[in-house]
Protein chains: 2
Amino acid sequence: MDRYYSHEDRQLVAVDCVIFGFDDQELKLLLIKRNMEPAKGLWSLPGGFPKKDEGLDQAAERVLSQLTGLKNVYLEQLYAYGDVDRDPGERVVSVAYCSLIKIEDYDKDLVKENNAHWRPVNDLPDLVFDHLVMVEKAMRRLRRRARTQPIGFELLPEKFTMPQLQSLYEAIYQKELDKRNFCKKMLSMRMLDKLDEKDKSTSKKGAFLYRFNPEKYEQLLADGFYFTVDVKTKK
Amino acid sequence: MDRYYSHEDRQLVAVDCVIFGFDDQELKLLLIKRNMEPAKGLWSLPGGFPKKDEGLDQAAERVLSQLTGLKNVYLEQLYAYGDVDRDPGERVVSVAYCSLIKIEDYDKDLVKENNAHWRPVNDLPDLVFDHLVMVEKAMRRLRRRARTQPIGFELLPEKFTMPQLQSLYEAIYQKELDKRNFCKKMLSMRMLDKLDEKDKSTSKKGAFLYRFNPEKYEQLLADGFYFTVDVKTKK
DNA sequence: GCAAAAGTGTTCGGGCTACACCCATGA
DNA sequence: TCATGGGTGTAGCCCGAACACTTTTGC
């Protein structure tokens, strides 16, 4: 069936994944110390090549699940990078994806096998090729998305406290937020279930646990309201 | 130099362009009636294959300028489409781009040669493959962008009237806007130069012409303000 | 009893929304 | 003189920003 385009060049197509995690203090990325050429020994984003019967999205899902053991997590296409010389080995068009995972959920053995490590976004090692460009784009998009869509919860445990949620937003925006206003806004959207349990691991008093409720979020949308978090400067 | 990835499959990579224009009443797309297989006789987005020495962006620029004669116009990558079966002829990864052009500027002869036509976005013909999906994504992004970035001006002549600008936004959002509020908001950002000339083509009184001033826009950003247009429902 | 984190309410101001009338001019 | 489209001002309200003290409990 390649009669139509037989005179055109074929190219290598890859997928690379920017995988975010949050460990209660800071945002981290899951990076690989490459043990293969090109750029052996340097750090890179986890990536791979789509198989014959795989679409781009499926390839990214596979890369993610082979590395972390996780499926059905937040995964969104970021951007296609196609400069001729972006990979010094050979021309490769790379489609970057962005994933948000709960950092306590991943498969530690798989990650170790693959020579992958969590590195804080504020202190990244040198990355191969244009992978830093991808990471920066992913950061910008995360900042935009987190303001207008309820995706922050993808980075938190199913049950989380209000201070945890706030600290996540502070890590994403690198800004201190006012806890009264933050809490008020989150609760005003009526999309969180307040549980009876408390998490006492970070304070003597203990903090109530909440759970994101997707049904309530749908109701919010159906009522014509939108998710927004205010991230204006405090001070 | 293909020693590194020699065991991986190569694939066809294409670029397709969603090209928007605005003719004072409605948004339009520049579409091609295909005269080649596959899907001969159907409508499609203008597209092509990157040459050996061309990045994706350059390929999209070339496709756009070969069709319209235009260079240095608004052109932004939209999304990469990589489902295995999206093109029935052969597997093709297509990277879609979105362009905004001033509809009076394009090269009519080139467009005619290429069998391209402007079609209103509200009355599109059937498109090949997943091109409608691309168009819908482009529309959604245009709606988002036009609210928060001064890109509407890319679709208007250099000099335009306030009613023209408003009618553009009404076409993008398919909503009537209040002209007092719209005008107030636009002028409050202090990024438009009001000219002494009037355009008398649509009314006896004539409407003042304005010009977008990029320097003033930069100043707006430098002062910590952002471009926004209010597109809330009028009734 | 004290240190450390959780929790909670009010006031102020800016900006968005709604809304109606006069102006200029060509026919 | 009239019909058509261009142009302008104001009042109310909502939401976001700023801000400080009390509660709980483990040590």
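Numbers restart at 1 for each chain; the letters A, B, ... are given by sequence-line order, proteins then strands.
- Between the P atom of C:dA6 and the OH atom of A:Tyr210 lies a distance of 12 Å, rounded to the nearest Å.
- Atom NZ of B:Lys33 has 12 or fewer neighbouring heavy atoms from other residues, nucleotides or ligands inside a 6.0 Å radius.
- Between the CG atom of A:Asp178 and the P atom of C:dG9 there is a distance of 14 Å, given to the nearest Å.
- Protein atom CG of B:Asp199 is 13 Å distant from nucleotide atom P of D:dG5, rounded to whole Å.
- Evaluation of atom-type donor-acceptor distances gives a pair under 3.5 Å for the side chain of B:Lys179 against the base of D:dG7.
- Using a 4.0 Å cut-off between charged nitrogen and carboxylate oxygen, B:Asp230 and B:Lys232 do not count as a salt-bridge pair.
- You'll find a donor-acceptor pair under 3.5 Å spanning the side chain of B:Lys184 and the base of D:dT10, going by distance alone.
- Put simply, the side chain of A:Asp230 and the base of D:dA17 share no donor and acceptor less than 3.5 Å apart.
- For A:Lys108 and A:Tyr106, the positive end sits near the middle of the six-membered ring, less than 6.0 Å away and at most 45° from its axis.
- We find that A:Asp199 and A:Lys159 are not joined by a salt bridge, their nearest charged nitrogen and carboxylate oxygen being 4.0 Å or further apart.
- Side-chain N/O atoms of A:Lys205 and base N/O atoms of D:dT22 include no donor-acceptor pair closer than 3.5 Å.
- Rounded to whole angstrom, the span from the NZ atom of B:Lys200 across to the P atom of C:dA24 amounts to 11 Å.
- Here the nucleotide nearest the side chain of A:Ala207, chosen from D:dT8, D:dC19, C:dA6, is C:dA6.
- The separation between B:Glu176 atom CD and C:dA18 atom C1' is 15 Å, rounded to whole Å.
- What separates CZ of B:Phe182 from P of D:dG6 is a distance of 13 Å, to the nearest Å.
- Comparing D:dG6, C:dG9, C:dA6 by their closest approach to the side chain of A:Arg180 singles out C:dG9.
- Checked against C:dG7, D:dT8, D:dG5, the side chain of B:Ser203 finds its nearest nucleotide in D:dG5.
- With DNA chain C read from its 5' end, the first of the two nearest nucleotides for B:Ser188 and A:Lys194 is the one closest to A:Lys194.
- The base of C:dA27 does not come close enough to the side chain of B:Lys204 for any donor and acceptor atom to sit less than 3.5 Å apart.
- B:Thr161 comes within 4.0 angstrom of no nucleic acid atom, judged by non-hydrogen atoms across all strands.
- Listed pair A:Lys185 / D:dC15 fails the phosphate criterion, with no side-chain N or O lying under 4.0 Å from OP1 or OP2.
- As rounded to whole Å, 15 Å separates atom P of C:dA6 from atom CZ of A:Phe160.
- A cation-pi arrangement is found for A:Lys198 relative to A:Phe208, the charged atom lying closer than 6.0 Å to the ring centre and inside a 45° cone about the ring normal.
- Place B:Phe225 and B:Gly206 on DNA chain C by their nearest nucleotides, and B:Phe225 ends up nearer the 5' end.
- The interatomic distance linking B:Lys232 (NZ) with D:dC15 (C1') rounds to 11 Å, in whole Å.
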